[in-house]
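One-based numbering, in listed order, for ligands and for the atoms of each.
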Amino acid sequence: MKELILLKCGEIALKGLNRNFFEDTLMKNCRRRLESLGKFKIYKAQSTIYVEPADERIDLDEAVERLDKVFGVAALCRAAIVKKDFEDIKEKAVVYLAPVLEDARTFKVEAKRSDKTFPMKSPEICMELGGVILDHFPHLKVDVHHPDVTVYVEIRDFAAYIHTDQHPGAGGIPIGTSGSAALLISGGIDSPVAGYMMSKRGLKLVAVHFVSPPYTSEHALEKVRTLCKKMAPWCGRMKFVVVPFTEIQEMIREKCPEEYFTIIMRRYMMKIAERIAKDCDCGALITGESVGQVASQTLSAIACTDVACQMPVLRPLIGMDKDEIVTISRKIDTFETSILPYEDCCTVFTPKHPKTKPKLSLVLKAEEAMDEEAVIHKAVEGIATEIIG
Ligand code: ATP
Ligand code: MG
């Protein structure tokens, strides 16, 4: 039997004049996610997106699994495509729904007729089809209030569709509709989650990672690459930018007071990330910071890093507890990779007594010893970029 996937758009249905842009972006994103699975016809009508495999051998379970992770989809389901002819609807419904109906005790039918030229009205479709189902599955009873299974029949423009309940999609809004942002990604638990959360709000990511070889290893870099790959089913294709940071860190260690090491290093990260972000048409930076989590995430420390750049810095985890963050990281399957014990450039040369309440004036004074423009320029010159996902 011919099947397709129906996607219900979420919030995007509310976006007035932007609706077309949102729906078209969503369709483009779906197309890209399914590209490697086979050919699909993807089209829209009445705030539903239709995802129709061009070939019946295509693995629709896998297609649903991929579409479950596409932001902008509120709900989705598989459905049988049938002719707009009641005989065909009856015949196909009992075959298509047999596996679920055999396991159910109660059911009801809901019909929607957006094609008003169809000769039967919705209540009539429900009654007639309900009767046919009862004839075929005599163990079933009708329960219109709390049925185990609801059978939906939708008579639409191009065909009729039969399906059971939809399941919730990834929510959010389609990636790309809010522009792009540069995610400062470490190998930790937090930053991949921060990236996921901002992708959900329609941002396309450029992942920026700082490395300090030989203090950080090739394994540590590979771990971050793996994190990006694991994020890609949710966050889409992303640029992955690796920034050499060793010289800057060595220079900070040499020239600045030890207790300011972390804060100055973080300010340099923001400054360099901002340059890269501008080059990649990003409108913001994203970090995985959360108030009070570590010494560099006190309010005074955040205040000092915040003024290191002009772009808005988005910190979606700012008010979250670690266990809340871990829950999301397990859901998006980055957790097990994040906890692998590789070093991050933030953990090399960490001072014994970092300033938890750094004063900006003193930080700026300490930074005067650095040749800022030269070191930033050199780091940006040394970046390596690849595409992931
Ligand atoms: P995470 O779990 O994301 O590593 P964290 O709790 O370990 O966060 P920090 O190490 O202080 O906190 O890092 C705070 C934020 O700084 C990270 O969430 C990330 O956005 C950014 N960051 C840290 N290290 C790097 C790095 N090597 N490259 C790019 N960004 C980094
Ligand atoms: Mg970290």
Side-chain angles (χ1 to χ4, degrees), residues 181-198 205-213 215-225 227-228 230-231 238-246 248-249 261-277 282 284-299 301-302 304-306 308-309 311 313-326 328-330 332 334-351 354-356 358 379-380 382-384:
L183 169 70
L184 282 87
I185 187 168
S186 69
I189 297 170
D190 303 331
S191 37
V193 173
Y196 159 85
M197 288 181 66
M198 295 323 301
L205 301 183
V206 173
V208 179
H209 178 60
F210 294 84
V211 291
S212 292
Y215 308 103
T216 61
S217 64
E218 194 54 41
H219 290 300
L221 171 60
E222 194 49 40
K223 170 183 169 180
V224 180
R225 195 175 277 122
L227 285 172
C228 291
K230 293 199 158 199
M231 290 163 70
M238 67 186 92
K239 241 187 214 165
F240 177 49
V241 182
V242 179
V243 189
F245 206 45
T246 316
I248 293 185
Q249 288 196 295
F261 179 86
T262 306
I263 194 78
I264 293 176
M265 175 197 69
R266 296 199 53 75
R267 281 168 52 83
Y268 270 91
M269 280 189 173
M270 305 306 264
K271 290 175 193 175
I272 295 167
E274 184 179 41
R275 299 276 174 105
I276 296 166
C282 294
L285 303 180
I286 304 168
T287 73
E289 290 162 299
S290 157
V291 167
Q293 211 187 69
V294 288
S296 62
Q297 296 175 21
T298 62
L299 223 44
I302 289 175
C304 288
T305 42
D306 220 38
C309 64
M311 265 188 195
V313 181
L314 308 177
R315 299 180 172 89
L317 313 186
I318 200 73
M320 287 171 76
D321 290 348
K322 197 73 181 186
D323 55 347
E324 294 171 306
I325 300 169
V326 165
I328 300 179
S329 116
R330 287 189 193 278
I332 63 172
T334 50
F335 182 75
E336 296 299 332
T337 306
S338 289
I339 58 173
L340 294 173
Y342 296 117
E343 65 295 331
D344 180 56
C345 68
C346 276
T347 53
V348 296
F349 317 137
T350 39
K355 277 255 181 278
T356 52
V380 174
I383 63 172

Under 4.0 Å to a heavy atom of [X] - the qualifying atoms of ligand 1, by number:
X	value
I189	2 (O)
C345	27 (N)
D344	23 (C), 24 (N), 25 (C), 26 (C), 27 (N)
G288	17 (C), 18 (O), 20 (O)
G188	1 (P), 2 (O), 4 (O)
H209	26 (C), 27 (N), 28 (N), 29 (C)

Nitrogen or oxygen of M269 less than 3.5 angstrom from that of ligand 1: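 In this structure, M269 places no N or O atom under 3.5 Å from an N or O of ligand 1.
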Test of proximity, S186 against ligand 1: N or O pairs below 3.5 Å: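 It does: an N or O of S186 is found under 3.5 Å from an N or O of ligand 1.
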Relative to ligand 1, is [X] under 4.0 angstrom through side chain, backbone, both or neither, heavy atoms considered?
X	answer
T287	both
V208	backbone
I185	backbone
C346	side chain

Pairing of R225 and E222 as salt bridge, 4.0 angstrom limit: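 A salt bridge is present here (some side-chain N lies under 4.0 Å from a carboxylate O).
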Would you give the length of the straight line joining atom [atom1] of [X] to atom [atom2] of [Y], rounded to the nearest 0.5 angstrom?
X	Y	atom1	atom2	answer
I383	R275	CD1	CZ	12.0 Å
T262	Q297	OG1	CD	11.0 Å
D306	T287	CG	OG1	9.0 Å
S212	M265	OG	CE	8.5 Å
M231	T337	CE	OG1	11.5 Å

Polar side-chain atom of S338 near backbone of T334 as donor-acceptor pair, under 3.5 Å: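 Here the side-chain-to-backbone pair exists.
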Sidechain-backbone polar pair: H209 side chain, I185 backbone, donor-acceptor under 3.5 Å: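 Yes; judged by distance alone, with no hydrogens or angles, the pair exists.
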Heavy-atom nearest option to atom 13 (O) of ligand 1, drawn from E343, M270, R266, R315: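 Among E343, M270, R266, R315, the closest heavy atom to atom 13 (O) of ligand 1 belongs to R266.
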CA sep, side-chain torsions, deciding dist, call: Y215, F349, ring pair (Phe, Tyr, Trp, His ring centres under 6.0 Å): CA-CA 9 Å; Y215 308 103; F349 317 137; 4.7 Å; yes
